[in-house]
Amino acid sequence: MRNVVIIGSGCAGSTAAIYTARANLNPLVISGVEPGGQLSLTTEVENFPGFPEGILGPVLVENMRKQAERFGAEYQYGSVIEADLSRRPFRINVEGDWVETRTVIIASGASARWLGLESERQLIGKGVSSCATCDGRFYQGRKIMVVGGGDSAMEEANFLTRFGSEVALVHRRDQFRASKIMLERVRANPKIKWITNTVVDEVMDPKREAVTAARLRNVVTGAVWEQEVDGFFVAIGHIPNTAVFKGQIDTDADGYIISHGGARTNIPGVFHAGDVQDRVYKQAITAAGAGCMAAMEAEKFLEAEGH
Ligand code: NAP
């Protein structure tokens, strides 16, 4: 029987692990399919306090893990495929092995949303990317396309102008969800070319195992054309990793966990931390803070139950 099982090993999960380990609760951290979370996919992190020269994302999460392990946290590689939170002890199925625990901290994050095209899937890592900070520098002096109309797309398009010879911003409407300030920044950037009311029908060319062009379609005029591109970045939001808790944990329509105050979910003894609940800030430092909150709530809960 575990005191604490932490689902997810990103900034939120590992911070919760540091705190619960230091409280002698011997937490078990289930690493998930993306160990280290979003930070493991980034390069330089310049806004995490305490690192005046910046730090590489993968190094930062690895340090957090080592820090947690030093106090007795255990990390287990694998994914949660099922969870029974209907009674205590809670039961968590990690790829076929059931683990029993008194408390659960859900820090399973949010994964990038894709367009859903087969050609897009085949070219992920071969010119198709969901992370400008990770892959932007591969497209020095080349043609880049960014899909999306929210703040993420604006941020990525702007950032990618550091590398690309041009950045085409493709959005399916002519209205944008992005905030005014971000839109203005993009509008003021001469390297960015707007392509609105347009969807992507195909990314080419899976046969050549590289991105060579995108087939675009204007949804107003019906015009279809192929546009040459080398780097294809999808920035259409994220999907919180809550599918395994469906029907048990309260979520909003998009699947983000609804907070019941602090780090509490609708189930006493089950807590949330990080991007799985946060659709606004999504920062390493806010995720770390949320991990700390969840850990302190779990400690308090266990203490009240006499453990
Ligand atoms: P978002 O605001 O949900 O925007 C997603 C965009 O992708 C929308 O323009 C949407 O188009 C488009 N989209 C969704 N599915 C699509 C599909 N299948 N095909 C084509 N387009 C599709 O997501 P986000 O930009 O990732 O932002 C998420 C949150 O993080 C927001 O609250 C944002 O403010 C915040 N954020 C802030 C910053 C910052 O301030 N620095 C940076 C990044 C993110 P429609 O509009 O037509 O639905």
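Counting convention: from 1, in listed order, for ligands and their atoms alike. Counting begins at 1 with the first residue of the sequence. Hydrogens, waters and symmetry mates play no part in the numbers below; they use all other heavy atoms, side chains included.
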- Over all atoms of both residues, closest heavy-atom pair of V200 and A214: CG1-CB, 4.5 Å
- For D230 and V211, which heavy atoms make the closest approach, and how far apart are they? O-CB, 3.6 Å
- Task: Just say parallel, tilted or perpendicular for the rings of F51 and F48, cut-offs at 30° and 60°.
- Result: tilted
- Message: So that I can tick it off, tell me whether E297 and R264 are bridged by a salt bridge, with the cut-off set at under 4.0 angstrom between side-chain N and carboxylate O.
- Response: yes
- Same cluster for L169 and L183 if Ile/Leu/Val/Met/Phe/Trp/Tyr side chains link at under 4.5 Å? yes
- Task: Using a strict 4.0 Å threshold on nitrogen-to-oxygen distance, state whether E118 and R121 make a salt bridge.
- Result: yes
What are the polar N/O contacts of ligand 1 with the protein below 3.5 Å, with distances?
from: ligand 1; atom 1: 9 (O); to: G149; atom 2: N; distance (Å): 3.0
from: ligand 1; atom 1: 9 (O); to: G150; atom 2: N; distance (Å): 3.4
from: ligand 1; atom 1: 11 (O); to: R172; atom 2: NE; distance (Å): 3.4
from: ligand 1; atom 1: 25 (O); to: D151; atom 2: N; distance (Å): 3.2
from: ligand 1; atom 1: 25 (O); to: S152; atom 2: N; distance (Å): 2.9
from: ligand 1; atom 1: 25 (O); to: S152; atom 2: OG; distance (Å): 3.2
from: ligand 1; atom 1: 26 (O); to: S152; atom 2: OG; distance (Å): 2.5
from: ligand 1; atom 1: 32 (O); to: R279; atom 2: O; distance (Å): 3.4
from: ligand 1; atom 1: 34 (O); to: D151; atom 2: OD2; distance (Å): 2.6
from: ligand 1; atom 1: 41 (N); to: E155; atom 2: OE2; distance (Å): 2.8
from: ligand 1; atom 1: 46 (O); to: R173; atom 2: NE; distance (Å): 3.4
from: ligand 1; atom 1: 46 (O); to: R173; atom 2: NH2; distance (Å): 2.7
from: ligand 1; atom 1: 46 (O); to: R177; atom 2: NE; distance (Å): 2.8
from: ligand 1; atom 1: 47 (O); to: R172; atom 2: NE; distance (Å): 3.0
from: ligand 1; atom 1: 47 (O); to: R173; atom 2: NE; distance (Å): 2.7
from: ligand 1; atom 1: 48 (O); to: R172; atom 2: NH2; distance (Å): 2.9
from: ligand 1; atom 1: 48 (O); to: R177; atom 2: NE; distance (Å): 3.2
from: ligand 1; atom 1: 48 (O); to: R177; atom 2: NH2; distance (Å): 2.6

